[in-house]
J.: 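Quick one: the structure is below, and I'll ask about it shortly.
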There are 2 protein chains.
Amino acid sequence: MVQHNSLYRDEHLEVDFQRNLVTLDSAALVLTRKEFELLALLVANACEIVPRDVLLMRVWGYSREIRTRTLDVHIRRLRKKLSRYGDQYIETIFGVGYRFQRYREPSRIPSYLPTFMATVA
Amino acid sequence: MVQHNSLYRDEHLEVDFQRNLVTLDSAALVLTRKEFELLALLVANACEIVPRDVLLMRVWGYSREIRTRTLDVHIRRLRKKLSRYGDQYIETIFGVGYRFQRYREPSRIPSYLPTFMATVA
DNA sequence: AGCCGGTTTTACATTTCTTTTACAAGTTAA
DNA sequence: TTAACTTGTAAAAGAAATGTAAAACCGGCT
C-alpha cells in the first residue's frame, strides 16, 4: 500500500517521509540516517510529546532501562542543523521526552494582554 | 479503554487529567510533575477539604509523622502560577489541609447585607 | 592496513525540579 | 495577653535530567 501526500510542511520546514528528504527554507538539509529517523518520528507526531522511551525504542530498538546519551546528542545535532529554528521546533519536555512544534510566527504581543488591547502596543 | 470527560472546567481554569494539561484563561499553564499531581488531586476533590496527610501520602508517598514543608512550598508555587486566582482557588483549612474551590464571580455586594438592600450601594 | 563518515560513549557543564532550612506571620488555646 | 503550634515565604541546598564538546568506536571502503 502506497501512501500519498506523506509529507510535512510549514513556513520553513518540509519533510518528505517517502523520499527521506528534508528542506529548510527551501534548501536541502542533509541528515544522517538516524538524524532523519529521529526527526521524522518527531514530526510525524507534531505537537505531541514523544517520550524518550518511545524514541529510543523506535529509532534505536533500545528497550527501557538502557542508559545512553545518544538520543540527546542526536537531538543536539538536529537542532544545530535546524539552525535558528532548532530550539523552537524541538522542545524538550523535562523528564518525559521531546515535542516537535509547528512553526509559529513570533508574536511581539505580550500574551497576558487581551487581544483587543494588544493592538495598541 | 478510553475514559472520556475526565476534565475539570470553570470560568478560568481547565484541567485535563488524562493529558496532564492545565489551562488558565485559555493559556497553557506549565506545571512540574509534582505541581500537577498536587493540583489534580485538589481539583479532583473540588469543594472538599483534602487533609495534609492525604496530600502527602498520595502525592509524595509520605506516611504521617514525616515532618516536611515541601507541601506548603508546592502550594505556594501553585498559587503563584494561578496568578490572581491563586488564593481564591486554593483555600487553606488551618490545622487540616487545603480545599480547591470552584471559581465564583466576585460580588461587590457586601455579603452581610440582604440582597434587596444591596441595590442601593 | 589506513581513511572516512556515522554513531556512541564519556565527562563535565548547565538547567530544571524538588526538598530543606530558617525565619516571619498567622492562628488557636489557655 | 502569651505560649504553642501551624502555615507562608525566600533563599539555599540537593538531586536529577538534559546540554555539550570531544574522544572513542565501528563498519565499509580503497
Side-chain angles (χ1 to χ4, degrees), chain A residues 20 22 28-42 49-101, chain B residues 20 22 28-42 49-101:
Chain A
N20 296 31
V22 181
L29 201 61
V30 292
L31 300 179
T32 69
R33 190 176 2 263
K34 282 277 157 66
E35 284 167 357
F36 177 81
E37 287 178 29
L38 179 54
L39 179 63
L41 187 45
L42 287 172
I49 297 172
V50 185
R52 290 180 70 94
D53 340 357
V54 174
L55 294 168
L56 282 168
M57 185 66 235
R58 307 256 328 248
V59 176
W60 281 270
Y62 289 179
S63 62
R64 207 173 312 237
E65 286 109 24
I66 290 188
R67 192 179 64 91
T68 179
R69 323 267 319 98
T70 195
L71 170 56
D72 309 73
V73 174
H74 276 83
I75 288 287
R76 159 151 174 77
R77 297 229 185 83
L78 271 182
R79 283 185 171 142
K80 210 164 198 173
K81 291 192 175 178
L82 292 169
S83 63
R84 71 169 181 281
Y85 311 113
D87 288 323
Q88 191 178 127
Y89 274 134
I90 301 182
E91 178 188 4
T92 102
I93 311 298
F94 192 92
V96 186
Y98 294 92
R99 170 168 53 187
F100 178 87
Q101 291 282 38
Chain B
N20 295 39
V22 180
L29 201 61
V30 293
L31 300 179
T32 69
R33 196 180 346 269
K34 281 276 156 65
E35 285 167 357
F36 177 82
E37 286 178 29
L38 180 54
L39 179 64
L41 186 46
L42 287 171
I49 298 173
V50 185
R52 290 180 69 94
D53 338 358
V54 175
L55 293 169
L56 282 168
M57 185 65 236
R58 306 254 330 246
V59 176
W60 281 270
Y62 288 0
S63 61
R64 209 172 312 236
E65 287 109 24
I66 290 187
R67 194 178 62 90
T68 179
R69 322 269 318 98
T70 196
L71 170 56
D72 309 74
V73 174
H74 276 84
I75 288 287
R76 159 151 174 77
R77 297 227 185 86
L78 270 183
R79 284 183 171 143
K80 209 165 199 173
K81 290 191 176 178
L82 292 170
S83 63
R84 71 171 182 281
Y85 311 113
D87 288 323
Q88 190 178 127
Y89 274 133
I90 301 181
E91 179 187 3
T92 300
I93 312 297
F94 190 92
V96 185
Y98 295 93
R99 171 168 54 187
F100 178 87
Q101 292 282 37

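Chain identifiers are assigned alphabetically (A, B, ...) following the order of the sequence lines, protein sequences preceding nucleic acid strands; residue numbering begins at 1 within each chain.
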J.: Check the distance between C:dT27's C1' and B:Ile93's CD1 and give it to me in whole angstrom.
T.: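 One finds 13 Å between C1' of C:dT27 and CD1 of B:Ile93, rounded.
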J.: Just the rounded figure in Å: distance from P of D:dT18 to CD1 of A:Ile49.
T.: 12 Å
J.: Considering non-hydrogen atoms only, spot the tightest contact between B:Lys81 and B:Thr32 and give its length.
T.: NZ-N, 4.4 Å
J.: Salt bridge (Lys or Arg N to Asp or Glu O under 4.0 Å) with A:Arg33: which residues, sequence neighbours excluded?
T.: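 For A:Arg33, no residue satisfies salt bridge (Lys or Arg N to Asp or Glu O under 4.0 Å) once neighbours in sequence are set aside.
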J.: With the side chain counted from C-beta on, respond yes when B:Asn20 and B:Leu31 share a heavy-atom pair under 4.5 Å apart, and no when they do not.
T.: no
J.: Could you tell me how far apart A:Asp53 (CG) and D:dA17 (P) are, to the nearest whole angstrom?
T.: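 Taking CG of A:Asp53 and P of D:dA17, I get 12 Å after rounding.
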J.: Identify, with sequence neighbours excluded, every residue that meets ring pair (Phe, Tyr, Trp, His ring centres under 6.0 Å) alongside A:Tyr98.
T.: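 Partners of A:Tyr98 under the ring pair (Phe, Tyr, Trp, His ring centres under 6.0 Å) test: none.
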J.: So, is B:Thr92 close to the D:dG8 phosphate, meaning a side-chain N or O under 4.0 Å from OP1 or OP2?
T.: yes
J.: Please identify each residue that fulfils salt bridge (Lys or Arg N to Asp or Glu O under 4.0 Å) with B:Glu37, with sequence neighbours left out.
T.: none
J.: Do any side-chain nitrogens or oxygens of B:Arg79 fall under 4.0 Å of OP1 or OP2 in D:dG8?
T.: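 So the side chain of B:Arg79 is within the cut-off, an N or O lying under 4.0 Å from OP1 or OP2 of D:dG8.
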J.: Salt bridge (Lys or Arg N to Asp or Glu O under 4.0 Å): which pairs involve residues 82-95 of chain A, sequence neighbours left out?
T.: A:Arg79-A:Asp87, A:Glu91-A:Arg99
J.: Send over the distance from B:Arg52 CZ to D:dC5 P, rounded to a whole Å.
T.: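 For the pair B:Arg52 CZ and D:dC5 P, the rounded distance is 15 Å.
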J.: Using a cut-off of 4.0 Å between protein heavy atoms and nucleotide atoms, how would you tag nucleotides 4-15 of chain C 5' to 3' with B, S and -?
T.: --SBBBBB----
J.: Check the distance between D:dA22's C1' and A:Lys80's NZ and give it to me in whole angstrom.
T.: 11 Å
J.: Can you tell me how far P of C:dA24 sits from CG of B:Asp72, to the nearest Å?
T.: 17 Å
J.: At under 4.0 Å, does any side-chain N or O of B:Tyr98 touch on OP1 or OP2 of D:dT6?
T.: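 No, B:Tyr98 has no side-chain N/O under 4.0 Å of OP1/OP2 on D:dT6.
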J.: Under 3.5 Å, which donor-acceptor pairs link side chains of residues 53-63 of chain B to any protein atom two or more places apart or in another chain?
T.:
unit_1: B:Asp53; atom_1: OD2; unit_2: B:Arg64; atom_2: NH1; d: 2.4

J.: Nearest whole angstrom, please: distance from the C1' of D:dG8 to the CG of B:Leu78.
T.: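 Interatomic distance, CG of B:Leu78 to C1' of D:dG8: 14 Å.
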J.: Separation of B:Glu37 atom CD from C:dT19 atom P, in whole Å?
T.: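 That distance rounds to 10 Å.
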